[in-house]
Structure formats: C-alpha cells, structure tokens
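Worksheet: one structure, shown below.
Values below: all heavy atoms of this structure, side chains included; hydrogens, waters and symmetry mates excluded. Small disclaimer: the values here were computed from a predicted structure and weren't measured. To find a chain, count down the sequence lines: A is the first, B the second, and so on, and within it residues start at 1.
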There are 2 protein chains.
Amino acid sequence: MQKPFVSAQEVAERAGVSRSAVSRTFTPGASVSTETRRKVMEAAEALGYHVNHLARGLMRNESGIVCLIVSDMGTPYRSSLVRAVTQHLQDAGKIAMLVNTDRFDGSVDLALRQAIRYRADASIILSGMPDKSITELCLKNGQRLVLINRDDAQPGPFRINLDDAEAAGRVVTAFVRAGCRRLAFANSQAGTPSLMARERGFIAAAKVLGLEVMVERYGPTNYASGRILAQRLLTRRDRPDAVFCATDLIACGFLDAARHDFAISVPDQLCLAGFDDIEQASWSSYQLTTFAQPVDAIAREAVNWLGGDSIADPAGSPPVRLHADLVWRSSIRGA
Amino acid sequence: MQKPFVSAQEVAERAGVSRSAVSRTFTPGASVSTETRRKVMEAAEALGYHVNHLARGLMRNESGIVCLIVSDMGTPYRSSLVRAVTQHLQDAGKIAMLVNTDRFDGSVDLALRQAIRYRADASIILSGMPDKSITELCLKNGQRLVLINRDDAQPGPFRINLDDAEAAGRVVTAFVRAGCRRLAFANSQAGTPSLMARERGFIAAAKVLGLEVMVERYGPTNYASGRILAQRLLTRRDRPDAVFCATDLIACGFLDAARHDFAISVPDQLCLAGFDDIEQASWSSYQLTTFAQPVDAIAREAVNWLGGDSIADPAGSPPVRLHADLVWRSSIRGA
DNA sequence: GGGCGCATTGCAAGCGCGTGCAAATGCTGC
DNA sequence: GCAGCATTTGCACGCGCTTGCAATGCGCCC
C-alpha cells in the first residue's frame with residue numbers, strides 16, 4: 001500500500017554487519033560489542049530506522065499494547081482517569097489502545113475482541129461490563145484483565161474498587177452533624193455497581209441513626225439528570241434538607257437547579273455532597289463537598305499489576321480496595 | 001511469555017483445510033467456497049480464533065492503527081475531541097492508539113517515534129507541535145499526518161482549522177451591539193496558533209470600529225488562569241465592559257471571579273464570550289455565549305481524509321477551514 | 001468424449017523480527 | 001606458540017499471516 005519503512009536488513013547492510021547484530025543492538029541485555037553497536041546506531045540514525053513493534057510483538061508474544069475500554073470519555077472523571085492510565089502505561093513502556101463503547105450495548109464484547117486481535121497484553125475496562133464468555137476467552141488466551149470500579153462477583157480479572165459504602169457512611173455523619181434530618185439520595189438509573197454501593201451504603205448508614213432516605217433515580221449519570229432529580233426531590237412536600245448525589249456531575253446539576261430554579265440557598269437550606277471530585281466541583285460556583293477518586297492511585301495500581309508476575313495468584317484474589325478522601329468544601333454546613 | 005493464542009494453522013487442521021483457506025475466509029473479497037468457509041468458521045468459533053492483526057499488518061503494510069497525540073486530555077474540549085475521533089476511527093474500521101504528551105516538551109516527537117514503531121497508518125496531532133525533522137520522517141515513511149487546530153505554515157501534513165479570526169470578528173459585533181465600548185481579550189500564555197488567531201482577529205475587528213483592545217495573557221489555558229485574568233482586568237481603572245476569553249475554561253474562571261469576587265453582574269455590567277462550547281458553558285451557572293467547536297465535523301474530516309487516496313495531492317493542499325457556530329446564551333446582552 | 005474456462009485450493013515465499021546454536025574471534029596464561 | 005576460556009557474530013529457523021502461482025476439480029459446449 002505504501003512505501004515500506006526501513007528494515008533491520010537495510011541497516012545491517014549499511015553498517016556492514018549481520019541483521020542479528022542490528023536486532024541485538026536494539027534488544028536490551030543482548031550481547032553486542034560497543035564497536036558494532038556504534039556502527040549500527042550510526043546507520044540506523046542515518047536511515048531513520050525504528051524497530052517494528054508489530055513484528056517484535058509477533059516474536060516475543062508480547063505486543064506492549066494495553067487496551068482501554070471506555071464509555072463517556074468526554075466526561076470529566078472518565079477523561080481524567082484515561083489520562084492517568086495512559087500516562088502510567090507510557091511510563092511503564094507500554095502503549096494504550098483506546099476503544100470507545102458509547103455506541104451500544106455489547107460493544108464492550110466487541111472491544112475485547114478487538115483487543116484480542118491486536119494481541120493486547122491486557123485490557124483495562126473503565127466502564128460497562130463484558131460478557132462472561134468473552135472474559136474467559138481473554139483470560140484463556142493469557143490476556144490480562146483489569147476492571148475498575150465495577151465490582152461484580154465475577155472472578156478472574158484483577159479488580160480495583162473504592163470504599164463506596166464506607167464513604168457514603170461518612171456523608172451521613174456529616175449531614176447529621178450539620179443538623180440535617182431529611183436525607184435523600186440522587187442517583188442515576190445506570191445501576192453501576194459502584195453507584196449502587198453508594199446508595200446502599202447511604203441508606204444503611206442512615207438507618208443506623210434511625211433515619212429514612214428518599215431515593216430518586218433518573219437517567220444517565222450527568223448534569224441534566226441532576227437537574228431532573230432536583231426537580232423531583234425539591235418539589236416534594238417533605239423536601240429533603242440534605243442530598244447525596246451519586247456523582248459530581250449530578251450534584252452540579254442538582255445544585256444549579258436548587259439555586260436558580262428553586263432559589264434554595266446551599267448550604268443554608270440544603271446540604272449537598274457529590275462523588276468523584278471532578279475539577280468543576282472546586283469551581284467557585286459549586287464548591288462541592290465530595291469524595292476524591294484516587295485517580296492516580298487507581299492507574300498506578302492497575303499498571304503495576306500488569307507489570308508484576310501476577311500468575312502467582314490464580315484469579316482468586318479479592319478486589320483491591322482504595323480509599324476515597326472526603327474533600328470539604330462549602331456545600332455542607334459546618335466544615 | 002504467555003500461552004500463545006490459537007493460530008490459523010490450528011483452525012486449518014481442525015477444519016481439514018489448508019492454512020490459506022483460513023486466511024482467505026477472513027479476508028473480504030477472497031475466493032472461498034461457501035462450504036469451506038462454513039467449515040472454517042465452525043472450527044474458528046470452536047477454538048476461539050481471532051486473526052492476528054499484528055501479523056496481518058506486517059504482511060499488508062497497513063496496521064489499521066492510528067495514533068492520537070494529545071495533551072490536557074482531562075480537559076472538556078480535548079476529551080470530547082478524542083471521543084469523537086476514536087468513534088469515527090472505529091466506524092472506519094481503524095483503531096486509536098493514544099499517546100499522552102502532558103509530561104514535557106519534545107514528547108510530541110517521542111510520541112511520533114512511538115507511532116512509527118507501531119507502524120501506525122497515520123498520526124493525528126491534537127496538541128503540541130512536532131519538530132520539522134520528525135514530521136518529515138513520518139511522511140517519508142508513508143505515514144499520514146493530521147494537524148488539528150495548529151495552523152503553522154509547515155506544509156505536508158493535512159491540516160484542519162477553524163475560522164478563528166472571523167469568529168472573533170463576530171464577537172466584536174455582538175459586543176458593540178450590546179453597547180459595550182471597553183473591549184478586552186483574555187488569553188493564556190500558551191500561544192497556540194488558534195488562540196493567537198482569535199486574539200489578532202479580535203483586535204483587528206475592533207480596530208475597524210475604532211476601538212482599542214486591552215489584552216491580558218496569563219498561564220495555561222484553564223479555569224485558574226481565567227480567575228487570574230479577571231483579577232488583572234477587573235481591577236483596572238478603565239475596567240472593560242466586554243471580555244472575549246480565548247477559551248470557555250478561561251471564561252468560566254473569569255465569570256466566577258467577576259461574580260463572586262467582584263460582585264459584577266453578567267451580562268448587565270459585563271458581557272462575556274468564550275470559545276469551544278464545552279458542556280459547562282451551557283450549565284445554568286454560566287450560560288456562556290460561545291463558539292461551538294465542530295468537534296464531530298473535525299473528526300469526520302480527519303478520518304475521511306485518512307481513508308481517501310490522498311496521495312493525489314502531494315502535500316500542497318491548503319488547510320481545511322471549518323466554521324465555528326456562535327451559540328447565543330445569556331452572557332451577552334441582547335440575544 | 002475431449003477441450004475449455006472458471007472457481008477453488010494448496011504450496012511456498014516472504015513480511016520484519018528474535019534467538020538458539022555453533023563458529024569465529026579475542027584474550028589470557030603457560 | 002598454543003590450549004583454554006569468554007565474548008561476539010552469523011546462520012537459519014520460526015512467529016502468524018497474506019498472496020501469487022500453479023494445480024485441481026467441475027461444468028459446459030461442441
């Protein structure tokens with residue numbers, strides 16, 4: 001199709017050595033004399049030679065490619081996670097392949113197939129849930145699998161989760177300490193494991209203190225849903241005085257609706273908390289009290305595991321559980 | 001390193017055909033009888049066979065990989081662009097490889113080297129500017145190059161730009177129509193071609209109407225810079241009554257500072273415009289009048305060009321120039 | 001029945017690379 | 001000078017795939 005790239009062969013000829021010498025020059029830890037190495041490097045430089053990683057991957061059975069499977073990557077939290085993961089992958093000498101699964105359900109499976117085709121060393125799933133059969137196919141082929149924030153029972157993949165439920169408990173404490181009694185949880189209808197864990201944790205912690213929780217669920221996990229949820233919760237006769245939003249995006253929408261549509265003052269008349277600590281949460285129009293996703297730690301954990309000899313534990317290890325710090329801002333009284 | 005994947009060889013044996021038959025079955029347009037195709041498919045299914053795209057790329061001299069070179073991908077505009085591009089690439093049967101260049105200067109060159117190593121069919125540069133020598137290396141090797149929103153004179157790559165200057169002119173009109181006379185431009189210090197084009201266009205259009213423009217530049221292109229820029233511009237004796245921010249992110253910061261730190265009402269006392277139309281611009285706390293980046297059109301344009309036989313025009317074609325629609329919201333009076 | 005054209009199939013070469021193995025080289029010590 | 005050793009080098013094979021070419025089989029028409 002196109003002019004072929006320069007090959008090791010050509011470099012070898014120009015340098016007056018064998019092709020293996022070239023190969024070895026670019027293979028760390030191989031045996032080459034400094035003299036031939038110099039000659040090879042010189043020729044390579046002159047010709048603009050770069051090792052063909054496709055061919056190398058073929059030989060080594062290790063492509064260096066890691067597949068990132070993501071939906072909603074235009075979203076602040078997701079994009080920051082993608083950023084962190086690619087950064088850590090690069091630092092580890094690997095490269096990220098990005099697959100977008102926005103389009104339709106089942107595209108996670110398609111994405112994993114794509115990962116297999118390109119012989120990715122691993123796939124990191126940031127959203128959605130693959131079919132059991134396909135994950136098994138991946139694992140059987142020696143492809144590593146990382147699931148981030150999607151704690152299903154499914155064993156085999158390496159899983160990284162947050163202490164969602166425990167975090168939700170901390171919010172209850174904060175709300176009650178601020179004098180709130182009418183608690184509500186604003187969730188999306190996505191039903192993601194981590195979202196549900198927050199919801200359950202919130203309800204459970206409230207129950208311990210003898211408090212009921214109004215739960216409302218609507219739409220996808222975004223700003224618009226937050227507005228709708230506010231509409232629903234703030235028009236109730238027993239209007240809540242404290243709302244935990246499953247996500248910062250929802251919280252932003254909720255807060256905007258509360259202030260602008262209902263003229264409710266936050267935090268005086270209404271306490272609000274979110275989750276993720278997206279950048280917007282810190283903007284002065286929001287100043288949202290929220291939980292910080294340890295994005296960097298998540299990425300580090302995932303990439304480290306990929307590097308390690310994790311064959312030791314045969315798919316039986318429990319999920320890694322990371323801590324989400326509570327970031328105090330002014331959407332809850334009495335910081 | 002790891003259990004090898006199942007190969008075409010094994011499928012062939014199981015199906016009782018030759019390896020070529022398997023290959024042809026998975027090559028669209030190749031000559032295979034329906035009977036053998038069936039047998040092959042059956043065996044492939046049973047064994048969980050997937051064509052090795054690394055090997056295929058080796059033969060065809062066409063990997064199907066397109067390298068995306070990005071910085072600040074946690075940012076709303078950038079991430080939405082990445083999203084759109086990967087989506088279009090997937091629809092075109094290609095796959096995106098993501099390289100993050102946040103770390104340091106010169107990493108764009110490193111990224112392009114990486115693209116060459118993986119024999120990417122093309123590289124799309126969304127941020128930063130590669131060295132001339134390295135782009136030449138890419139082009140010489142038959143790798144296609146797309147530059148988005150970085151209009152440097154450098155010919156060779158395919159370039160997609162917006163009508164930044166013209167858009168800036170429209171803002172001036174809107175400001176003047178709203179009765180503003182003291183115009184300002186709030187820019188970052190990044191000095192990106194498109195940012196500078198907006199600045200120059202704004203100044204030029206104002207001059208035509210006999211108006212001077214106060215220009216302030218500070219820091220990177222983000223919210224925090226917007227706040228600082230507000231600090232600088234709004235403490236002037238001849239405080240501006242209309243500010244065009246180079247970016248929505250800057251505009252958000254500027255608006256927040258104006259409202260919360262200076263108790264200035266927008267748009268009554270101050271008209272504001274941004275650029276990009278990030279999601280936050282539509283949030284009710286901002287309601288920013290801004291220019292919509294035609295993200296989808298940009299992505300489509302780029303991917304289409306990759307598909308076409310663009311060898312026809314030998315690097316001499318002028319940049320494609322797309323139009324940025326003005327989105328009217330309430331940060332300028334008199335919509 | 002034989003010759004012809006066509007669709008299908010298998011063979012084998014080759015894409016660019018890594019690597020085991022054996023040959024070659026350099027060096028040391030006697 | 002030569003055996004003995006360590007280091008370096010080249011050869012050749014194979015990774016999984018595509019594809020040109022020749023061989024095979026089939027149906028068709030004269």
Side-chain angles (χ1 to χ4, degrees), chain A residues 1-41 43-44 47-65 116-121 141-142, chain B residues 1-40 43-44 47-65 116-121 141-143:
Chain A
M1 170 125 204
Q2 58 199 27
K3 257 180 300 180
F5 288 63
V6 10
S7 74
Q9 181 67 277
E10 306 173 45
V11 177
E13 279 160 19
R14 182 178 175 121
V17 298
S18 79
R19 210 183 42 70
S20 344
V22 178
S23 189
R24 282 191 250 265
T25 299
F26 289 98
T27 302
S31 162
V32 212
S33 70
T34 44
E35 173 56 13
T36 43
R37 152 164 280 123
R38 193 192 53 71
K39 282 193 292 185
V40 169
M41 289 308 254
L47 263 44
Y49 170 74
H50 291 256
V51 180
N52 185 333
H53 273 50
L54 265 44
R56 170 176 279 185
L58 206 55
M59 277 298 306
R60 291 223 183 129
N61 235 339
E62 191 182 3
S63 61
I65 297 174
I116 292 181
R117 290 202 196 92
Y118 278 97
R119 298 303 189 259
D121 298 335
N141 283 325
Chain B
M1 170 127 202
Q2 59 199 21
K3 255 180 301 179
F5 289 62
V6 10
S7 74
Q9 181 67 277
E10 305 172 46
V11 176
E13 279 162 16
R14 182 176 175 123
V17 298
S18 78
R19 231 199 7 271
S20 344
V22 179
S23 189
R24 284 191 248 265
T25 300
F26 290 98
T27 301
S31 162
V32 211
S33 71
T34 45
E35 174 56 14
T36 42
R37 154 164 278 125
R38 194 192 53 72
K39 283 195 291 188
V40 168
L47 264 44
Y49 169 75
H50 290 256
V51 178
N52 185 333
H53 273 53
L54 265 46
R56 168 175 282 185
L58 206 54
M59 276 301 305
R60 293 223 183 129
N61 234 340
E62 190 180 4
S63 61
I65 297 174
I116 291 180
R117 288 200 197 95
Y118 278 97
R119 297 301 187 259
D121 298 335
N141 282 325
Q143 190 177 98

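Of the residues in residues 29-37 of chain A, none lies under 4.0 Å from DNA chain C by heavy-atom distance.
Contacts of B:His50 classified as ring-ring contact (aromatic ring centres under 6.0 Å, His included), with partners at least two apart in sequence or in another chain: none. Listed by chain and residue number, B:Val32, B:Arg37, B:Val40, B:Met41 satisfy the side chain to side chain contact (heavy atoms under 4.5 Å, CB included) test with B:Thr25 (two or more places apart in sequence, or in another chain). A:Ser20 meets the side chain to side chain donor-acceptor pair (under 3.5 Å) test with A:Ser18; sequence neighbours excluded. In this view, B:Ser33 and B:Glu35, B:Thr36 satisfy the side chain to side chain contact (heavy atoms under 4.5 Å, CB included) rule, not counting sequence neighbours. For B:Arg56, the side chain to side chain contact (heavy atoms under 4.5 Å, CB included) test picks out B:Phe26, B:Thr27, B:Val51, B:His53, B:Arg60, with sequence neighbours left out.
With rounding to the nearest 0.5 angstrom, the CZ atom of B:Arg117 is 11.5 Å from the CG atom of A:Asn52. For the atom pair NZ of A:Lys39 and CZ of A:Arg14, the computed distance is 13.5 Å after rounding to the nearest 0.5 Å.
B:Leu58 and A:Ala55 make their closest contact through CD1-CB, 3.8 Å (heavy atoms, listed as atom of the first residue, atom of the second, distance). Nearest heavy atom pair, residue B:Phe5 against residue A:Asn141, reads CE1-O, 3.3 Å. Minimum interatomic distance between B:Tyr118 and A:Leu54 (heavy atoms only, all atoms of both residues): O-CD1, 3.3 Å.
Within the structure, the salt bridge (Lys or Arg N to Asp or Glu O under 4.0 Å) test picks out no pair touching residues 19-29 of chain B (sequence neighbours left out).
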message = Can you build the contact string for nucleotides 13-19 of chain D? Use B for base contact, S for sugar-phosphate-only contact, and - for no protein heavy atom under 4.0 Å.
response = -BBBBBB

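Between the B:Glu13 side chain and the B:Glu10 main chain, no donor and acceptor come within less than 3.5 Å of each other.
Read 5' to 3', the first and last nucleotides of DNA chain C with an atom closer than 4.0 Å to a heavy atom of chain A are C:dG16 to C:dG20.
Between its opening and closing five pairs, the helix from C:dG1-D:dC30 to C:dC30-D:dG1 changes axis direction by 50°, a value rounded to 10 degrees.
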